[in-house]
*Asks:* 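Got a structure for you, questions after.
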Amino acid sequence: MTKPRVRFAPSPTGYLHIGGARTALFNWLWARKTGGTFILRIEDTDQERSTDEAVQVIFDSMRWLGLDWDEGPHVGGDCGPYYQMQRLDLYREHAERLIREGSAYRCYCTREELEAQRNKLPEKKRAHWVYPGTCRERRDEPNLPFVVRQKLPREGHVAYTDLVCGDMNIPCDTMQDQVLMRSNGVPLYNFGAVVDDVTMGVTLVARGKDHLINTPPQILLYRALDAAVPQFAHLPMMLTPKGEKMSKRLADQQGIDVPVGKYRDKGWLPDALLNYIARFGWGSGDQEIFSRDELIEKFDWSHVGNHDGRYDTKKALWVSAEHLRKRSDDDLSAMVLPFLASRGLAVSPTDARLAPAVRTVRPRSSTLADMADAMDFYFRDEPAVDAKAAEKFLTVEAKGLLTELAAVVEGLTGEVNEVAYHTAVEAWLVSKGLEIKAVAQPARVALTGRTASPGLYEVMAVLGQAVTVARLRKAAA
RNA sequence: GGCCCUGUCGUCUAAUGGUACAAGAUCGCGGGUUUUCACCCCGCUGACACGGGUUCGAUUCCCGUCAGGGCUGCCA
């Protein structure tokens, strides 16, 4: 049995959409699970919207996610080139063949003529205008611009079995003679994709359900080209929390990050994003958290659902946090550095406070950005003090206690660690007949500038004796 | 409007023609732990869209209704 060949074929018109990332992931998982081939192909035939920058963004996002491709730009392959705009000869040859064999025809109707026809319809009915087939039987070949249209059967059905959606059976009279090639010789999606999938030997096409309706005419094209029809798997849509298509605008309104790059910028771990989007439309028993290898091991088309879902920001953040908690202090230290840097904190990778600081904030963070924010006070010369907190807790009475506390800490000798702080402070409290509650919040504000932070003794241990004393004294002044 | 897909807790998933008072996770709420905030632990609320059939029996199969989504471009 031959190994699967799957592909991800984005169009470079902006950024890698999170829904696109899921399509890429499912294809990639299948290739990795089966030992098949994962192809990356750039569908840049929309010259109005495609840009080189967007191509670069796709590469960057794919690499960040760790979805490496076996064939495609940069890595090459036997079926290249992998940019559609570099394959125009191929499309022209295939279009000519279809015309010759009667599965396609040249259409000389101009855009203006067709537009005029459409506009004759009442406004409400314009949406269901279909091309009337004016040039279907035309035999002459005037020296005029033309598009190539697919010549569809007027009756019959196209049947196929979708790995996700099951048995499909679509009547031909609901399709129309779609344009295959523009008048400038550039193919449209439904043609370019088929020619490429045929010539690249793609055996399984997994894509969003928004392409479900494109499949029957594509199957007709495969048949017309005497090519094997691949398997199809149409993935359910990722919708906004309100159940709408995830356009950039709507997503922004509802606080969802659509571009993959946003997740990187916000300090998600790539594996966490992969986990969240994998669980979207797919599941494996009760398991929620998957490593990359577990996804490869457990992924299966039979467990891909076929109903659309809604993005859930809270659950997404939970998944992110779970992945963060599984990482070692050292890993996280290295990864959080850029986030500290972007906050103006040039912390050295060898700073001894780094890993201990990470350990204290890890259970309080959902992303690396959260983590950097939570760690801020460790690395500033002076903590940013919340004015309200200071007003509430740094009272005259509290300042007196902080002065004493500073002296207690200053008096410590030997190995001064978390336990030592704990022991010494407890002893002092007992001698004063006080409970920790009496000084906890004032001390916290003094040391961190905030009312919520890791435990006091942990904080002292990371800060060190000298800084702890200094901050306590400063707050008491 | 037409065509296509889909309807299980708010959300993402699970299970099944009858051991079932429909399972897990998240969110929400309450409690515990605690120097704060988290983490963690315990508990609670919460769903088979509706109506017909098929069947001894339907959440599960079929039909209809309703609802949601997608497509309906010389976009992808």
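Residue numbering restarts at 1 for every chain, and letters A, B, ... go by the order of the sequence lines.
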*Asks:* Can you tell me, in whole Å, how much space there is between the C1' of B:rA23 and that of B:rA15?
*Replies:*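 The same atom, C1', in both gives a distance of 7 Å.
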*Asks:* Rounded to the nearest 0.5 Å, what's the gap from CE on A:Met175 to CG on A:Leu220? Could you check?
*Replies:*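 Rounded to the nearest 0.5 Å, the CE-CG separation comes to 6.0 Å.
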*Asks:* With rounding to whole Å, what would you report as the distance between B:rC39 and B:rC50 at their C1' atoms?
*Replies:*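 Those two atoms are separated by 44 Å.
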*Asks:* Take atom P in B:rG10 and the same atom in B:rC66, then report the distance between them in whole Å.
*Replies:*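 It comes out at 23 Å once rounded to the nearest Å.
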*Asks:* Hey, are A:Lys209 and A:Asp308 close enough for a salt bridge, meaning a charged N less than 4.0 Å from a carboxylate O?
*Replies:*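 Salt bridge between A:Lys209 and A:Asp308, a charged N being under 4.0 Å from a carboxylate O: yes.
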*Asks:* Tell me whether A:Glu435 at atom CD has more than 12 heavy atoms from other residues, nucleotides or ligands lying less than 6.0 Å away.
*Replies:*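 Open.
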*Asks:* What integer distance in Å separates A:Asp162:CG from B:rC4:C1'?
*Replies:*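 Roughly 12 Å, once rounded to whole Å.
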*Asks:* Between A:Arg111 and A:Val147, does the side chain to side chain contact (heavy atoms under 4.5 Å, CB included) criterion hold? Intermediate values first, please.
*Replies:* CA-CA 10 Å; A:Arg111 215 191 290 242; A:Val147 299; over 6 Å; no
*Asks:* Once you apply a heavy-atom cut-off of 4.0 Å, does A:Asp286 come out as touching a base, just sugar-phosphate, or nothing?
*Replies:*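 It contacts sugar-phosphate atoms only.
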*Asks:* What's the CZ-P distance between A:Arg279 and B:rC27, to the nearest Å?
*Replies:*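 Going from CZ in A:Arg279 over to P in B:rC27 covers 14 Å.
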*Asks:* Distance check needed: B:rU6 C1' versus A:Leu235 CG, whole Å only.
*Replies:*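 A:Leu235 atom CG is separated from B:rU6 atom C1' by 14 Å.
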*Asks:* Which residue, A:His323, A:Glu294, A:Glu322, A:Arg292, forms the side chain to side chain donor-acceptor pair (under 3.5 Å) with A:Asn275?
*Replies:*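 Testing A:Asn275 for a side chain to side chain donor-acceptor pair (under 3.5 Å) against A:His323, A:Glu294, A:Glu322, A:Arg292 leaves exactly one candidate, A:His323.
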*Asks:* How close do A:Pro454 and A:Tyr378 get, heavy atom to heavy atom, and via which atoms?
*Replies:*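 Closest approach of A:Pro454 to A:Tyr378, heavy atoms only: CG-OH, 3.8 Å.
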*Asks:* Reading RNA chain B from 5' onward, which residue's closest nucleotide shows up sooner: A:Gly309 or A:Ile170?
*Replies:*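 Per heavy-atom nearest nucleotide, the more 5' residue is A:Ile170.
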*Asks:* In whole Å, what separates the P atom of B:rC9 from that of B:rC4?
*Replies:*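 Going atom to atom, P in each nucleotide, I get 26 Å.
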*Asks:* Mark up nucleotides 65-76 of chain B, 5' to 3', with B wherever a protein heavy atom is under 4.0 angstrom from a base atom, S wherever such an atom reaches only the sugar-phosphate, and - elsewhere.
*Replies:* ----SBSBSBBB
*Asks:* Do you know the tightest heavy-atom contact between A:Ala316 and A:Trp268?
*Replies:*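 Shortest heavy-atom separation between A:Ala316 and A:Trp268 comes out as O-CH2, 3.0 Å.
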*Asks:* When you match A:Met168 and A:Glu288 each to their closest nucleotide on RNA chain B, which lands nearer the 5' end?
*Replies:*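 Looking at the nearest nucleotide for each, A:Met168 comes out on the 5' side.
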*Asks:* For the backbone of A:Ile39 and the side chain of A:Arg7, can you confirm whether one donor and one acceptor N or O come within less than 3.5 Å of each other?
*Replies:*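 Such a contact is absent between A:Arg7 side chain and A:Ile39 backbone.
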*Asks:* A:His307 NE2 to B:rC4 C1': how many Å, rounded?
*Replies:*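 Taking NE2 of A:His307 and C1' of B:rC4, I get 18 Å after rounding.
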*Asks:* In whole angstrom, give me the gap between the C1' atoms of B:rC3 and B:rC61.
*Replies:*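 25 Å, rounded to whole Å.
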*Asks:* Using atom C1' of each nucleotide, how far apart are B:rU33 and B:rG43 to the nearest Å?
*Replies:*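 Between the two C1' atoms, the distance is 15 Å.
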*Asks:* I want to check one thing: is the phosphate of B:rU6, taken as OP1 and OP2, less than 4.0 Å away from some side-chain N or O of A:Asn306?
*Replies:*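 So the side chain of A:Asn306 is within the cut-off, an N or O lying under 4.0 Å from OP1 or OP2 of B:rU6.
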*Asks:* What is the distance from CG of A:Asn275 to P of B:rU26, rounded to the nearest Å?
*Replies:*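 Atom-to-atom, A:Asn275 to B:rU26, this comes out as 13 Å.
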*Asks:* Whole angstroms only, please: what is the CD1-P distance between A:Ile289 and B:rC12?
*Replies:*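 Between P of B:rC12 and CD1 of A:Ile289: 17 Å.
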*Asks:* For nucleotides B:rC71 and B:rA76, find the distance between their P atoms and express it as a whole number of Å.
*Replies:*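 It works out to 14 Å between them.
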*Asks:* Taking NZ from A:Lys314 and P from B:rU11, how many angstroms apart are they, rounded to a whole number?
*Replies:*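 Interatomic distance, NZ of A:Lys314 to P of B:rU11: 14 Å.
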*Asks:* If we ignore angles and hydrogens, is there a donor and acceptor under 3.5 Å between the side chains of A:Asn214 and A:His211?
*Replies:*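 Yes, because at least one side-chain N or O of A:Asn214 sits under 3.5 Å from a partner of the opposite role on A:His211.
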*Asks:* Could you encode protein contacts along nucleotides 30-39 of chain B as a string, one character per nucleotide from 5' to 3', using B for base contact, S for sugar-phosphate-only contact and - for no contact, with a heavy-atom cut-off of under 4.0 Å?
*Replies:* -----BBBBS
*Asks:* Categorize A:Gly305 for me: base, sugar-phosphate, or nothing, with a 4.0 angstrom heavy-atom threshold over every strand shown.
*Replies:*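 Answer is nothing: A:Gly305 stays at 4.0 Å or more from every strand.
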*Asks:* Base, sugar-phosphate, or nothing for A:Met175, non-hydrogen atoms under 4.0 angstrom?
*Replies:*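 Here A:Met175 touches no strand at all.
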*Asks:* Rounding to an integer number of Å, can you tell me how far A:Lys298 NZ sits from B:rA14 P?
*Replies:*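 Interatomic distance, NZ of A:Lys298 to P of B:rA14: 14 Å.
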*Asks:* Is a salt bridge present between A:Lys151 and A:Asp177, judged by a nitrogen-to-oxygen distance below 4.0 Å?
*Replies:*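 Salt bridge between A:Lys151 and A:Asp177, a charged N being under 4.0 Å from a carboxylate O: no.
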*Asks:* Of A:Asp370, A:Asp257, A:Asp373, which is the lone residue that meets salt bridge (Lys or Arg N to Asp or Glu O under 4.0 Å) with A:Lys266?
*Replies:*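 Per the salt bridge (Lys or Arg N to Asp or Glu O under 4.0 Å) rule, the option paired with A:Lys266 is A:Asp257, out of A:Asp370, A:Asp257, A:Asp373.
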*Asks:* Within a 6.0 Å radius of atom NZ on A:Lys392, are there more than 12 heavy atoms belonging to other residues, nucleotides or ligands?
*Replies:*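 Open: at most 12 neighbouring heavy atoms sit under 6.0 Å from NZ of A:Lys392.
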*Asks:* With no hydrogens and no angle check, is any side-chain donor or acceptor of A:Gln150 less than 3.5 Å from a backbone partner on A:Pro217?
*Replies:*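 Pair found, side chain donor or acceptor close to backbone of A:Pro217.
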*Asks:* What would the secondary structure line of RNA chain B be in dot-bracket form, counting Watson-Crick and G-U wobble pairs under 3.5 Å, with [ ] for pairs that cross earlier ones and | for pairs with another strand?
*Replies:* (((((((..((((....[....)))).(((((.......)))))....(((((..]....))))))))))))....
*Asks:* Can you check the distance between B:rU59 and B:rA47, where both ends of the measurement are the C1' atom (answer in whole Å)?
*Replies:*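 10 Å, rounded to whole Å.
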